[in-house]
Amino acid sequence: MADPQQVLAQRVHAAIVASFGPGFDDADPLIRPSSFADFQANVALPLGKRLGRPPREVAAELAGRLEVSDVCEPPEVSGPGFINFRLRDDWIADQASRMLDDPRLGLAPVARTQTVVVEYSSPNIAKEMHVGHLRTTIVGDAIARVLEFAGHGVIRDNHVGDWGTQFGMLIEYLLDVGQDSPDAAVLRTDPNAFYQAARRKFDSDPGFADRARKRVVDLQGGDPDTLRLWQDIVDLSMDYLHRIYARLGVTLTDADIRGESFYNDMLADTVASLEAKGLAVYSDGALCVFPPGFTGREGRPLPLIVRKSDGGYNYATTDLATVRYRVDVLHCDRAIYVVGSDQTLHFQMVFAVAREAGWIPPGARFEHAQIGLVSAPDGGRLRTRSGDNVQLADLLEEAVERARAILVEVDAPSRFEPAELEAIAEAVGIGAVKYADLSTARESAYVFDWDRMISFRGNTGPYLQYATTRIRSIFRRAGAMPIIGADPGPSTGPSTGADPGIRGSRVAVTAAPERALALQLLGFGAVVTGVGETAEPHRLCAYLFDVASLFTTFYEECPVLKAEPESLRTRRLALCALTLRVLTEGLGLLGVPVPEQM
C-alpha cells in the first residue's frame, strides 16, 4: 500500500520537472492536509516567485500536467495558487485493504539503516527515582521502540550516575552499618533512606567525613577493596531499578547500562587530546575549553571546564569521553540524549567542543531531546496525598489505585475475577501515566492532573485502551477475533495480520465516516517515520487519538454486525480489524499496555 501524501508528492514533483525542467528538481511539492480537500499542494507560491509568474497561473499549468487520475478526482486550483486533491474512494479502499495484510502497516523500509544511540532514564545509583526521571524514561523508551520498528539499529544507553564524590560517603556508611545488615538492605527498597542516613552522618561526624573523603581517593585510584564495596552498592541499588523498569514496562536491561564509571579510564586521554589540539587552556586554575559563540554576562566567553583546579574531572569531561566512545567504538550515525531541558546549554557546549575537536563526523547527528518539567495543578511540586514529595514508585502505585477505584465504580468486579481486575487496573493506571507524559510535547512543561489522566474521555491512555477493547468486543460478538501481535513489552516487532476470516477481505468505503477513518489509517507509516525523525512521540499520540475518535464516529453511524448485505458486514469488520491493528501497534510503540477487556 502507499502513503497518499507521498504518492501525491511524487506526482506533483514529476509535473514540476516536466513543466519547468530539471533545474527545478529541488522543488518541494509542499503537500499538506487540507480542510477544503484531502490534501493541498502549496508549491505554486514559491515557484511563482522563482519564475516571476503569478502563482495561480503556475498552479493551473501544474494541474494540467498532473497524472493522478488513478489516485484522485481531477485536481482543482483555489485561492492564490493552491492545488486541491480529493482522493478517489476506491483508491482509499484498495490501499486500506492492502494495508490490512501488510505486517508493517504501510511503514516503508528506511532508505539507509542507521546506528542510533538513545540515552535515556539515567538515574543516580543509590538514590530513588523521582518524577523527573519518569519523562526521560518513558519518552526515551518510546523513541527507541519507534526507531527500532522503523528498521534502524538502536543502542539503548542508560547513562546512570554511578561515580563521584558521594560514593566515598556511601561506601563508608555501608561499612559502618554492615554489608549484610537490615540498614544495607534498604538500598533495595528505599535508596533515598540509605543515602539520607549516610548524608546525616557525613554532616554530623567529622571523623566519618574524613574517612569518606579518603575513600573517594581510593575509589578513583582503583583500590580493589573499595571497588568491591562500590560494586556492592551498585548491585543493591539495581534491584530497585529492576522493579521500577518492570512496572513501567520499559525495554532497558542491565546490558544497556553504561554509567559514568564506564568512562572513567577514558577521561585523562580525552583531556590530553583537547590540550594537544590547542583547545584546552587554563582559567582560574581549571582547564577549560571556550567554544565559539557561547558568552555569558557582559559578553564574556563561557568556559566548559574539563578538569577542575583540584585535578578532578566532571560531567563535561565524562560527556566528551562518551561522545568519543559512541563515535569510535559504537560507530553511531545518530545519538539522541533524552535529558531534562535544564541541561540544554551544557549539551550545546559539549557538542560544540566535540565538533571542534573533530570527534563528531560531519554526517553524524548528536541531538538533545529536551524534556520539560512536571508540576502539580497549583504550579508547585508534585506531592502525595500525605503531603510528601512524590517518588516514582509511590506515584505508580497511586495511579493503579486510582484506576482500580474507577473500575469498581463501573462495576468491573462483577465482570472479572479478582486477578483479572488487578491486571486491568495495572494496565490502565500505568498506561494512563505513560500516555499523559507521551502525549505532551516533550520539551514542554506539563501539569500532572490525576483527574484528566485517568479519564476515559479525551486524549488519554484509558480512552485509547478502551477503544481497542471496544473493537475486540465487536469481534467476540461476531465469533471471530483478528490476530493482533503488538506487545508493549521488550518485543517491538510488527503485528502479524488479521484472522483468516478477515485476511484478504476488502475494506469498504460506502459512507463518509468509513472514508475518513480509512484515510486516517493510511497515514500510520508516515507518522511513525516522522516520529523517528523528530524524536517526538506526542505526534504518534495525536495520530492515535484521531484514529480512535474517527472510529467512534464510524461505529456510531455505520452498523457493523447488522450491516446488510453480508459482504458489507465483512468489509466493515475488515476496517475494524485494521483500526485495531493500528491502535494496538501504535500503543505498543509508545509502550502503553493494551488489556484485552476493560
Side-chain angles (χ1 to χ4, degrees), residues 1-99 106-108 111 507 509-534 536 539-540 542-543 546-547 549-550 553:
M1 53 80 56
D3 170 42
Q5 195 162 343
Q6 185 177 23
V7 170
L8 292 174
Q10 292 170 346
R11 302 291 180 90
V12 173
H13 184 267
I16 292 171
V17 175
S19 296
F20 309 118
F24 288 81
D25 189 63
D26 60 342
D28 184 345
L30 298 174
I31 305 295
R32 303 287 185 268
S34 171
S35 56
F36 302 103
D38 293 326
F39 294 97
Q40 187 178 77
N42 300 338
V43 68
L45 279 70
L47 277 181
K49 185 175 182 180
R50 188 170 168 180
L51 292 164
R53 293 170 55 185
R56 190 175 176 89
E57 179 183 299
V58 172
E61 182 173 345
L62 288 175
R65 282 188 175 269
L66 280 168
E67 297 181 4
V68 291
S69 59
D70 59 324
V71 177
C72 61
E73 305 297 334
E76 298 179 349
V77 176
S78 67
F82 304 130
I83 306 174
N84 294 328
F85 300 94
R86 177 178 170 80
L87 300 174
R88 289 174 44 162
D89 289 356
D90 60 338
W91 188 87
I92 294 174
D94 179 62
Q95 297 303 310
S97 300
R98 295 183 185 187
M99 185 177 175
L107 179 63
V507 171
V509 173
T510 61
E514 281 177 322
R515 186 183 193 280
L517 175 57
L519 181 57
Q520 179 73 10
L521 293 171
L522 292 182
F524 177 75
V527 169
V528 171
T529 299
V531 170
E533 178 63 26
T534 62
E536 294 179 327
R539 298 180 182 275
L540 179 55
Y543 168 81
D546 287 343
V547 168
S549 300
L550 289 169
T553 301

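Start at 1 with the first residue, then count along the sequence. All values derive from a computational prediction rather than experimental measurement.
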Residue set satisfying side chain to side chain donor-acceptor pair (under 3.5 Å) with T553, at least two apart, ordered chain then number -> none
D89 meets the side-chain contact (heavy atoms from CB on, under 4.5 Å) criterion, sequence neighbours left out, with R86, V509, R515
- State, with a plain yes or no, whether a side-chain heavy atom of D28 is found less than 4.5 Å away from one of V43. no
Report task. Can you establish whether the number of heavy atoms outside E61 located under 6.0 Å from its atom CD is more than 12? Result -> yes
Practice item. Begin with the C-alpha distance, continue with both residues' side-chain angles, and end with the deciding distance and a verdict on side-chain contact (heavy atoms from CB on, under 4.5 Å) for F524 and V547. Key: CA-CA 10 Å; F524 177 75; V547 168; over 6 Å; no
Next item on the list: Would you mind reporting whether L47 and L62 have side-chain heavy atoms less than 4.5 Å apart?
Entry: yes
Closest non-hydrogen contact found for L107 with G525 is CD1-O, 3.4 Å
Contacts of R50 meeting salt bridge (Lys or Arg N to Asp or Glu O under 4.0 Å) (sequence neighbours excluded), chain-then-number -> D26
Practice item. Step by step, work out the side chain to side chain donor-acceptor pair (under 3.5 Å) result for T510 and E514. Key: CA-CA 7 Å; T510 61; E514 281 177 322; 2.5 Å; yes
What one should report as the nearest heavy-atom pair of A41 and V12 is CB-CG2, 4.4 Å
Those residues at least two apart in sequence (or on a different chain) that pass side chain to side chain donor-acceptor pair (under 3.5 Å) with Q520 are none
Scanning both residues in full, the closest heavy-atom pair of L550 with A516 reads CD1-O, 3.7 Å
Between the CH2 atom in W91 and the CG atom in D70, the distance rounded to the nearest 0.5 Å is 9.0 Å
When rounded to the nearest 0.5 Å, the distance separating CZ of F82 from CZ of R56 is 10.5 Å
In this structure, CG of L522 is separated from CG of L517 (nearest 0.5 Å) by 9.5 Å
Across all chains, not counting sequence neighbours, the side-chain contact (heavy atoms from CB on, under 4.5 Å) partners of D25 are H13, V17
P75 versus V68: any side-chain heavy-atom pair under 4.5 Å?
yes
Across all chains, not counting sequence neighbours, the side-chain contact (heavy atoms from CB on, under 4.5 Å) partners of P33 are Q5, F39
Rounded to the nearest 0.5 Å, the CD1 atom of I92 sits from the CG atom of D94 at a distance of 11.0 Å
Sequence neighbours excluded, the answer for side-chain contact (heavy atoms from CB on, under 4.5 Å) partners of A526 is D3
Across all chains, not counting sequence neighbours, the side chain to side chain donor-acceptor pair (under 3.5 Å) partners of Q10 are none
The salt bridge (Lys or Arg N to Asp or Glu O under 4.0 Å) partners of R539 (sequence neighbours excluded) come to E536
Inset, instruction - Would you mind reporting whether V71 and L87 have side-chain heavy atoms less than 4.5 Å apart? - result: yes
Side chains of L51 and F24: does their closest heavy-atom pair fall under 4.5 Å?
-> yes
Residues at least two apart in sequence or cross-chain that pass ring pair (Phe, Tyr, Trp, His ring centres under 6.0 Å) with Y543, listed by chain then number, are none
The ring pair (Phe, Tyr, Trp, His ring centres under 6.0 Å) partners of F36 (sequence neighbours excluded) come to none
Residue pairs meeting side-chain hydrogen bond (donor to acceptor under 3.5 Å, both in side chains), one or both in residues 39-49, sequence neighbours left out, come to Q40-N84
Closest non-hydrogen contact found for G81 with A44 is O-CB, 3.3 Å
Problem - Presence of salt bridge, D38 and R32, under 4.0 angstrom - result: no
